[in-house]
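The structure appears below as structure tokens.
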Amino acid sequence: MKFNYKEVEKKWQEKWFKAKIYEARREEGKKKFFIHFAYPGISGYLHVGHMRGFTYADIISRYKRMKGYNVLFPAGFHASGLPSVGFAKKVERGDPDTLRMLKENGCDDKTIERLKDPVEVVKFFSKVYVEDYWKRFGFLIDYSRLMDTISEGYKRFIRWQFLKLNEKKLLIQKTHFAPYCPNCGPVAVDKSETDISKGGDAQILEFVVLKFKMEDGAFLPAATLRPETIFGVTNMWINPHVEYVEIEVNGERWICSSQAVKKLMYQFDEIKETGRRIRGKDLLGKKCKVPLVERNVPILAGSFVDPNVATGVVMSVPAHAPYDWIALKESGANIEPISIIKVKGYGKFPAGEICEEMGIKSQLDREKLDKATEIIYKKEFHGGILNENCMDYAGSRISEAKDLIKEDLIDRGLATIMREFSEEVICRCGERVVIKKIPDQWFIKYSDPELTEISKQHVETMNIYPEDYKREMPKVLDWFGDRACIRKGSWLGTEFPFKRGWIIEPISDSTLYPIYYIVSKFVNEGKIKPEEMDEEFFDFVFLGKGKAKKEIWEEIRRDVLYWYPVDINLGGKEHKTVHFPVFVMNHVALLPPEFWPRGIFVHWWITQKGKEKISKSKGGAEPIPKAVEQYGVDAMRLYYAHSASPFVDVEWDPQLVSNYKSRISSIWNMVNELLEVKGEENGHLERWLRSSMARRINLINKYMEEYNLRDAANEIFFEIPNDLKWYIRRGGKDRNVIMEILEKWIKLVSPFTPHLAEEMWEKIGKEGFVSLERFPEFEERHISAEDEVEEDLLKEVMNDLKEIVKVTKIKPKRIFLYTSPRWKREVYERLLKGEEVGNVIKDLVQRKDLEDKGKEISKFVGETAKELRMLSSDDKERFRISINELEFLKECADFIKKEFGAEEVIVESAETCSYDPAKKSRFAKPLKPAIYIE
RNA sequence: GCAGGGGUAGCCAAGCAUGGCCAACGGCGCAGGCUUCAGGAGCCUGUCCUGUAGAGGUUCAAGGGUUCGAAUCCCUUCCCCUGCACCA
């Protein structure tokens, strides 16, 4: 009797996969549904967090299949780029964590040896993903279409894509600045730190380098993020303990730190060292001229100046820069700060004020000074106005003047740009990463106004979940600029057709790929060879251009026409600003409008305690096979679908998953118990159960249509069993209705927990796969408002009884229920019809049988009118349904007696009651009988 | 900086785009009872405060406002989080 989930999972997976029920074949005339998830990058073992999105996709595709769609649900692997290379590198250098993890997962030494090769890493993990994750979760992915992005066929496809981008004039060349290791070449700077050992959070900042001319003609290049403060410069800062060097830049002599020279070499074309070295302290006391402002200022000693940051030369704006303020104070120099910015909340010298406030005493108190600098920077940037000291820019807002001044200074040859990381970045090899200028980098021109505009228009027509993201998308498309699309270096991918030895970057080769799933089937089956797949081939199958050279081309073309476009592309929130926009734009740019994607579904993450994204580096991620073993697949699937909305991050909580495991087995037990039930039909109870079920099926269909899996699962896994339990509790025992409801219920369960569903399906004596049955549809004929209102009435009465028992602590012996007098019901009816309050009162008061109730009537009518105004239309509806409360409650008397352990339950009409010592009967109202307990 | 998300009872987490069915779904935890004499099993009840009659009171980051009525709409403030391009 116990639910053996392990056996059940195995049994049904074997059957499904043997019958290949996942395989999608074109059926002309049958409506199709194409869903896929953003294929995972190959970066090692996945964890329970990854399964969330995959599971959503499987549930949706199973649902659509049951709704009569011909479903295409393919999957593949994104092998391009760095992750698998990074993984192989880790194996090669014997990274202990990596080796331990591999061994824990049962890898022998031979396999580990093999994994030093990135291509082997891809092969190995592709298999893990398919066998240990996807099939293990019962996903009905079309396994005949598996593909990865470094296969020959895929590369042909990408090559074609870039030929087309070029034809559309969407490939352009321009200067670019990228992270670069002097030893290893190009590196990626990102949070996963595949290439680097430090600095994953670093951003590339643009410093403006202002050229201060000294008396001997050499320049001091001061780097700043705030070029507008040039008007407030009072002096220069040089670190006296640092040795500076002289270099020649475009014929000018510059003096900067030696560290700066190294960096500038990678960014400027014309640069060389003159060999002259100058100690910092030898520069002190000399003068230089502020560019544009043409003011002579002295060079002072600033020990806070870091030769590693930018040029190692700093201009001093004490009025508005906390560092400068403190350093100036410490220097003891007799220099008056120059105020140049007016900002709300501060006086003449904001920097001075904040140093005072925060109690900053020394220029080496970096922590506080950084904080102070940030505060002042933000405050002045947003609310600051340049004052009369600022020449032509006086009166402008900082946020507007900043770029203007920068451009002007550059145009006049007084300044230039230098790029620098916001923090130190160290390569895996130990070298400091620099920023390198690439003069002729290739870009995909996503900034193209026409492409952007059409993409925005198309997004309007798409089904995008959640709604918020749909609203966000046009802004993202506007913001999305040109993207560098190739890179030279050791990583996997397709060679760029217009530059030998350069590889297409991994985002750019994963935009149009869903269409390749249609081709990959033919490649996998050997029906077409990658070598055949040239420009002509893809032009024909994707664009319908030219002629088919072979019959199979026609076949593929028909499949493309049938399956495309994608109905849902499902992916994690990390794809919101990069992958999804380029997915849309590439389709819009290269394919005809009828192939543009129809929908996107974004889900959030499973996080660890403390809201951290689960990552292997942080440890503690639960391996998938272990979790499956422990909780069972169906429990996990239900957990993903039901524990929270897809659009929030969820903390992985093993306890919670365990609860779903219990839920699964309790459903199983319940079905078994229900199968034992036999007895008479009651009439009312069966009508009620059918009605409630029909209503829920209607809701569930509505939820599923908008992919609201959570609310659908709630109805299916919680509300329906509650109804069934209530039916039994009420004494229902009609086997026919139970079998009828079970059959529907099991179908509803199927997309979410398919193994359980199949097992139950078999248990109730059905043949075939429930996975291939039709999803239950709303049947209006089962709706019986009367029976539902009656059952609600009973529940309400029981609630009231409970409340009374609780408050009074009475142990009920005899329970009296007094149903509403007829005239009160009449009041409801007439008011609901819209009759005037006054008329109703007048009418009733004049009636003979009510003549002694004048006061009560007018009060009651008034209150009721007020009450009805507050009710929703659904609630009002309940009062319109006519039921016989007296008869119904009499029938329930035994049930109530049993539930409350009373000796007797007496139901009477308030008009004719024989026993009412507490005068309770006067409180009776329609659908709210008065109660007396003793 | 640019773009976006969020703050709900002890905890997690619904609801908030269509204000009233909301003291606020569900779960965890906690308390009591039942069942089971086997397990991290199952079932019922309670869990903001007050209350010996089905009720009332105070809540949904903070402070204002709109409204007969606001967790839900508007404004202000505070605090968290995410993405930002050779990372997928």
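To find a chain, count down the sequence lines: A is the first, B the second, and so on, and within it residues start at 1.
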- Message: Dot-bracket, 5' to 3', for RNA chain B please: Watson-Crick or G-U pairs under 3.5 Å, [ ] where pairs cross earlier ones, | where the partner sits on another strand, dots elsewhere.
- Response: ((((((((.[[[..)....(.....]]]((((((.......))))))(((....)))...[[[[[..)....]]]]])))))))....

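In the displayed structure, A/K470 atom NZ is contacted under 6.0 Å by more than 12 heavy atoms of other residues, nucleotides or ligands.
Residue A/I804 places its side chain closer to B/G54 than to any other of B/G1, B/A13, B/G54. The side chain of A/T577 sits closest to B/G83 out of B/A14, B/G83, B/A53. Candidate nucleotides B/G26, B/G54, B/A88 were compared by shortest atom distance to the side chain of A/H78, and B/A88 ranks first. Distance from the side chain of A/F480 is smallest for B/A85 among the nucleotides B/A85, B/A13, B/G54. When distances are taken from the side chain of A/I931 to each of B/C25, B/A53, B/A3, the shortest belongs to B/A53.
Every residue meeting the ring-ring contact (aromatic ring centres under 6.0 Å, His included) condition with A/Y828, not counting sequence neighbours, appears here in chain and number order: A/F879. Under the side-chain contact (heavy atoms from CB on, under 4.5 Å) criterion, A/A75 pairs with A/F37, A/W134, A/I141, sequence neighbours left out. Here A/Y727 pairs with nothing under the ring-ring contact (aromatic ring centres under 6.0 Å, His included) rule; sequence neighbours left out. Evaluation of the side-chain contact (heavy atoms from CB on, under 4.5 Å) rule for A/E715 yields A/R696, A/L699, A/I700, A/Y703, A/E719 as partners, not counting sequence neighbours. Annotation: ring-ring contact (aromatic ring centres under 6.0 Å, His included) contacts of A/Y39 (sequence neighbours excluded): A/H78, A/Y513. For the ring-ring contact (aromatic ring centres under 6.0 Å, His included) test, residues two or more places apart in sequence or in another chain that qualify with A/Y154 are A/F157, A/Y516. Scanning for side-chain contact (heavy atoms from CB on, under 4.5 Å) contacts around A/K795 gives A/W688, A/W726, with sequence neighbours left out. Scored by the side-chain contact (heavy atoms from CB on, under 4.5 Å) test, A/Q173 finds A/D440, A/W442 as partners (sequence neighbours excluded).
The OH atom of A/Y703 sits 10 Å away from the P atom of B/G15 (whole-angstrom rounding). Going from atom CG of A/D649 over to atom C1' of B/U82 covers 8 Å, rounded to whole Å. Atom P of nucleotide B/C84 and atom CZ of A/R483 are separated by 10 Å, given to the nearest angstrom. Separating the CD1 atom of A/I204 from the C1' atom of B/C2 is a distance of 16 Å, rounded to the nearest angstrom. Between A/N708 atom CG and B/A14 atom P the separation is 12 Å, expressed in whole Å. For the pair A/H47 NE2 and B/A88 P, the computed distance is 17 Å after rounding to whole Å. If you measure from atom CZ of A/R922 to atom C1' of B/G54, you get 14 Å, rounded to the nearest angstrom. Here the P atom of nucleotide B/U52 and the CD atom of A/E934 are 21 Å apart, to the nearest Å.
In textbook terms, a nucleotide whose glycosidic angle is within 90° of 0 is syn, while B/A53, being further out, is anti.
For the residue pair A/W491 and A/E505, no side-chain donor N or O sits within less than 3.5 Å of a side-chain acceptor on the partner. Side-chain contact annotation: A/D509 with A/S80, donor-acceptor N/O pair under 3.5 Å present.
Sequence order on RNA chain B of the closest nucleotides to A/W491 and A/R710 puts A/R710 first from the 5' end.
Within the nucleic acid shown, A/V797 has no heavy atom closer than 4.0 Å to any nucleic acid atom. When heavy atoms are screened at a 4.0 angstrom cut-off, A/Y932 is found touching base atoms of the nucleic acid. A/A38 comes within contact range of no nucleotide atom at all, as no heavy-atom separation falls under 4.0 Å. Within 4.0 Å (heavy atoms only), A/A644 reaches sugar-phosphate atoms of the nucleic acid but no base atom. Residue contacts shown for A/L82 are limited to sugar-phosphate atoms, with no base heavy atom under 4.0 Å away. Nucleic acid contact class of A/P581 (heavy atoms, under 4.0 Å, all strands): none.
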Every protein N/O lying under 3.5 Å from an N/O of nucleotides 71-79 of chain B:
none

Would you list the protein and nucleotides 39-48 of chain B atom pairs, both N or O, that sit under 3.5 Å from each other?
unit_1 : atom_1 : unit_2 : atom_2 : d
B/G39  : N2     : A/K2   : NZ     : 3.3

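Between B/G64 and B/U59, the two P atoms lie 12 Å apart (nearest whole Å). When the C1' atom is used for both B/C74 and B/C25, the distance is 28 Å, rounded to whole Å. On the P atoms, B/A70 is 11 Å away from B/C60, given to the nearest whole Å.
Across A/K402, A/R397, A/K406, a single residue satisfies salt bridge (charged side-chain N to carboxylate O under 4.0 Å, His left out) together with A/E228, and that is A/K402.
Judged by the 6.0 Å and 45° rule, A/K174 forms a cation-pi pair with A/F443.
Among pairs with a residue in residues 798-807 of chain A, those fulfilling salt bridge (Lys or Arg N to Asp or Glu O under 4.0 Å) read A/D800-A/K928, at least two apart in sequence or across chains.
For A/K928 and B/G54, the shortest distance from a side-chain N or O to OP1 or OP2 is not below 4.0 Å.
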